[in-house]
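Please read all numbers here as calculations on a predicted model, not as lab measurements.
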Amino acid sequence: MRVLLVTLTDQLSGALSILNPELEYCAIVVDEVEPAKKILERVGLPRDLLHPFYELRELSGIYYYDALICVHDGRTYKIFPKKILKYGVPKNKFIDLFMATTHEYFLLERALQYFKERAAEFEMFATGLSHTTMSLDVTRFKRKLFNFARGGQDLYYDFQIAKRAVLYGGGIANCVMRL
């Protein structure tokens, strides 16, 4: 798959580590090109892939790409998606990986591993957004509940987590999902 990657320089290493190494990059757009060159050298990608943000509109029109992947955090959550779509990137080619490089997503993998090792101890699990993360008091349930909810989590990942939790739990019958 040919990708146009858009990210902040301080998130470039994280973005490259979470994305499939088999991806082919037509361009990588960052806020600071010079420091990003060192990051690309470390991972073995050519420096000429790098472009500054102000070239994004032009690049999105001249390069062929299967997907434009935007990896960003809370600093740019309202800016990046709006600008990118304003530049004419088709919605079906835009992949917004908001907060994907934060510690919270890596903690989810640890939570899934913990649940896998101790699934027999739990009778229910929950998935959902930050509302579920912050407002679900697992101690108030008569049955033992594991809360997989994370801020910014979408339905796709709720479903992926639920599939794994059901598999690990041997078909756990009770779940509180997407509160």
When clusters are formed by joining ILVMFWY residues with side-chain heavy atoms under 4.5 Å apart, either directly or through shared neighbours, do Met1 and Val43 land in the same one?
->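 Yes, Met1 connects to Val43 through the hydrophobic network.
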Under a 4.5 Å side-chain heavy-atom rule over Ile, Leu, Val, Met, Phe, Trp and Tyr, are Leu68 and Ile62 clustered together?
->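 Yes, Leu68 connects to Ile62 through the hydrophobic network.
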Which is it for Glu117 and Gln113 under the side chain to side chain contact (heavy atoms under 4.5 Å, CB included) test, yes or no, and what are the steps along the way?
-> CA-CA 6 Å; Glu117 294 167 3; Gln113 185 62 36; 2.9 Å; yes
Heavy-atom pair of closest approach, residues [X] and [Y]:
X      : Y      : value
Tyr168 : Ala119 : O-CB, 3.4 Å
Pro35  : Thr9   : CB-CG2, 4.0 Å
Tyr64  : Cys26  : O-SG, 3.8 Å
Val33  : Pro52  : CG2-N, 3.6 Å

May I ask you to decide whether Lys37 forms a salt bridge with Glu34, counting only side-chain N to carboxylate O separations under 4.0 Å?
->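 Here Lys37 pairs with Glu34 in a salt bridge, since their nearest N and O are under 4.0 Å apart.
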Could you pull out all residues at least two apart from [X] that satisfy salt bridge (charged side-chain N to carboxylate O under 4.0 Å, His left out)?
X      : result
Glu58  : none
Glu24  : Arg2
Lys144 : Glu121

Could you grab the distance from atom [atom1] of [X] to atom [atom2] of [Y], nearest 0.5 Å is fine?
X     : Y     : atom1 : atom2 : result
Phe53 : Leu59 : CZ    : CG    : 11.5 Å
Ile39 : Leu50 : CD1   : CG    : 8.5 Å
Thr7  : Leu12 : OG1   : CG    : 6.5 Å

Which word best sums up how the rings of Phe122 and Phe146 line up, parallel for under 30°, tilted for 30 to 60°, or perpendicular for over 60°?
->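 It falls in the perpendicular class, over 60°.
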So Leu23 and Leu5, side chain to side chain contact (heavy atoms under 4.5 Å, CB included) or not? Walk me through it.
-> CA-CA 10 Å; Leu23 291 174; Leu5 175 63; over 6 Å; no
Close side-chain approach of Tyr25 to Pro46, heavy-atom, < 4.5 Å |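 Side-chain contact under 4.5 Å: no.
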Would Phe159 and Thr127 satisfy side chain to side chain contact (heavy atoms under 4.5 Å, CB included), going step by step from the backbone distance to the final call?
-> CA-CA 8 Å; Phe159 179 68; Thr127 67; over 6 Å; no
When you look at Leu56 and Leu4, which way does the side chain to side chain contact (heavy atoms under 4.5 Å, CB included) test go after all the steps?
-> CA-CA 10 Å; Leu56 179 58; Leu4 195 162; 4.1 Å; yes
